Student: 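So that we are looking at the same thing, I have put the structure below in structure tokens.
Throughout, protein chains are lettered first and strands after them, A, B, ... in sequence-line order, and every chain is numbered starting at 1. The structure presented is a predicted model; accordingly, all values stated were derived computationally and were not measured.
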Protein chains: 2
Amino acid sequence: MTQDTASRPLRADAQRNIDALLEAAKTVFRTSGVDAPAKEIADLAGVGVGTLYRHFPKRSDLVTAVFQHEVDACAAAAPALADENEPGVALEKWLHRYTEFLATKRGLASALHSGDPAFDALPCYFMERLGPALDSLLEAAVEAREIRALVSPQDLLYAVSKLSLPLGDEEAGHGRRMVDLLVDGLRHGAGPSR
Amino acid sequence: MTQDTASRPLRADAQRNIDALLEAAKTVFRTSGVDAPAKEIADLAGVGVGTLYRHFPKRSDLVTAVFQHEVDACAAAAPALADENEPGVALEKWLHRYTEFLATKRGLASALHSGDPAFDALPCYFMERLGPALDSLLEAAVEAREIRALVSPQDLLYAVSKLSLPLGDEEAGHGRRMVDLLVDGLRHGAGPSR
DNA sequence: AACTAAGCGGAACGCTCTTCCAGAACTATA
DNA sequence: TATAGTTCTGGAAGAGCGTTCCGCTTAGTT
């Protein structure tokens with residue numbers, strides 16, 4: 001899933017280590033934030049710190065890779081959910097999947113706004129991957145007349161983002177409730193597509 | 001303006017150092033972010049690092065103090081602007097003053113969302129100080145029939161916050177333009193108060 | 001002037017980041 | 001399968017930063 005773009009195909013053990021590092025980094029970022037010690041990540045992955053720095057010379061490289069990895073996983077969940085559920089339910093489940101994804105990104109949001117140009121491309125990647133994924137779910141739901149057709153995937157993604165990464169102080173679960181409300185709102189106007 | 005709540009009145013040189021540290025930290029936070037080296041702040045303030053840690057044992061103590069200091073300054077600007085300008089202009093100028101304040105807070109926003117409970121009280125402090133300040137400007141402008149009366153200070157503060165601390169990638173100045181638009185929107189419906 | 005205690009500075013310690021290279025591990029070839 | 005050639009690995013080493021600690025300084029008091 002990683003590093004198969006060009007050049008020669010990377011040695012097998014190296015690929016294994018990269019995967020282990022991504023998995024470890026995902027876990028550590030969630031528990032200790034994006035500024036967690038490099039050694040913690042290397043230890044969890046079962047490799048030396050040198051190996052970490054060989055594959056991800058800058059911290060932002062690792063952060064970016066983990067982020068893209070998770071965005072990909074989130075996007076990939078859409079077709080699976082569409083197969084297994086009614087369109088409206090699939091949409092709802094995917095949005096919750098998306099909220100869970102966002103919930104693990106508190107620390108990452110800080111990095112995104114840190115001004116480091118290394119992160120500039122992430123929001124684009126985000127939209128490019130998730131936009132179409134959500135769009136297919138929306139279209140199916142509109143087709144099935146379970147929701148109305150008046151929302152763009154971009155708007156919905158941003159709306160859910162802002163609901164899930166709140167400014168200020170508020171109790172847990174607030175984001176999830178607001179997302180439910182949003183989906184119900186979409187359902188309300190459902191009917192024959194014009 | 002600082003540390004005069006209780007106990008004995010703090011030695012004069014200590015108070016001077018505290019002020020110098022706050023001033024230095026404000027500058028350094030702006031240029032190097034909230035994670036800047038402690039020594040950089042201490043040097044700029046002309047004191048040893050020990051002095052910094054004596055007054056602000058944890059980094060969050062310093063961050064919190066600087067933040068409150070700046071919130072106070074921003075709130076204090078409201079009456080002055082109200083004296084020197086027409087109500088509508090005072091409102092507009094203050095909102096721009098507020099945007100400038102927010103613009104220096106990129107790094108701080110990260111800290112706020114970092115999950116450190118030390119920062120939990122900041123958003124409340126923020127609203128408590130700025131809410132009334134903005135409210136007085138709004139009331140004066142409504143009274144003078146320069147804007148309509150349909151907005152709460154909380155909504156306006158949050159709206160401007162979100163416009164000024166954008167998610168995603170966008171060119172500079174976007175926040176400022178959107179704030180202008182918002183103020184024009186307020187003006188549009190102006191007329192006899194009901 | 002002398003005393004007291006608050007306050008100061010910066011050396012020292014420990015932790016983390018990052019680099020580097022000798023040697024291990026893998027792959028291709030014969 | 002044996003060998004050569006390359007990639008990749010691990011962790012020691014060097015540098016830098018955060019934080020603590022304590023002997024000395026200095027403001028305030030009598």
Student: Could B:R187 and B:E92 be called an ion pair, given the rule that one side-chain N must be under 4.0 Å from one carboxylate O?
Tutor: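 Between B:E92 and B:R187 there is a salt bridge, with a charged N closer than 4.0 Å to a carboxylate O.
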Student: Can you see if the side chain of A:T51 gets near the phosphate of D:dC8 - specifically, an N or O under 4.0 Å from OP1 or OP2?
Tutor: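 It does not, given that no N or O in the side chain of A:T51 lies less than 4.0 Å from OP1 or OP2 of D:dC8.
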Student: Are side-chain N/O atoms of B:Q68 and B:D72 paired as donor and acceptor at under 3.5 Å?
Tutor: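 On atom types as modelled, these side chains do not qualify, holding no pair under 3.5 Å.
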Student: Rounded off to whole Å, could you give me the CZ-to-C1' distance for the A:F56 and C:dC17 pair?
Tutor: 17 Å
Student: With respect to the phosphate group of C:dC8, does any side-chain polar atom (N or O) of B:H55 fall under 4.0 Å of OP1 or OP2?
Tutor: yes
Student: Measure CZ/A:R54 against P/C:dC21 and give the value in whole Å, please.
Tutor: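 A:R54 atom CZ is separated from C:dC21 atom P by 14 Å.
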Student: What's the CD1-C1' distance between B:I41 and D:dG18, to the nearest Å?
Tutor: 12 Å
Student: Would you mind building the protein contact string for nucleotides 22-30 of chain C? One character per nucleotide, 5' to 3', B for base within reach (heavy atoms under 4.0 Å), S for sugar-phosphate only, - for untouched.
Tutor: ---BSS---
Student: Taking the side chain of A:P37 as its heavy atoms from C-beta onward, which of D:dT9, C:dA11, C:dT16 lies nearest to it?
Tutor: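 Of D:dT9, C:dA11, C:dT16, C:dT16 is nearest to the side chain of A:P37.
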Student: Below 4.5 Å, heavy atoms only, C-beta onward: do B:L81 and B:L91 meet side chain to side chain?
Tutor: no
Student: Take the protein atom CD1 of B:I18 and the nucleotide atom P of C:dG7, then report the distance between them rounded to whole Å.
Tutor: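 In whole Å, C:dG7 P lies 8 Å from B:I18 CD1.
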Student: At under 4.0 Å, does any side-chain N or O of B:Y53 touch on OP1 or OP2 of D:dT19?
Tutor: yes
Student: Contact class for A:V47 vs. all strands (heavy atom < 4.0 Å): base, sugar-phosphate, or nothing?
Tutor: sugar-phosphate
Student: Under 30°, 30 to 60°, or over 60°: which ring-plane class applies to A:F126 and A:F67, parallel, tilted or perpendicular?
Tutor: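 Rings of A:F126 and A:F67: parallel, as their planes differ by under 30°.
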Student: Rounded to whole angstroms, how far apart are CG on B:D43 and C1' on D:dG18?
Tutor: 14 Å
Student: What about A:V183 and A:L130, same hydrophobic cluster or not, with Ile/Leu/Val/Met/Phe/Trp/Tyr joined at side-chain heavy-atom distances under 4.5 Å?
Tutor: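 Yes: a chain of side-chain contacts under 4.5 Å links A:V183 to A:L130.
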Student: Have B:D180 and B:H96 got a donor and an acceptor in their side chains that come within less than 3.5 Å?
Tutor: yes
Student: Quick one: is A:N17 getting a side-chain N or O under 4.0 Å of the D:dC8 phosphate, OP1 or OP2?
Tutor: no
Student: Indicate yes or no: does A:E86 engage A:K93 in a salt bridge with an N to O separation below 4.0 Å.
Tutor: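 Between A:K93 and A:E86 there is no salt bridge, as every charged N stays at least 4.0 Å from the carboxylate O atoms.
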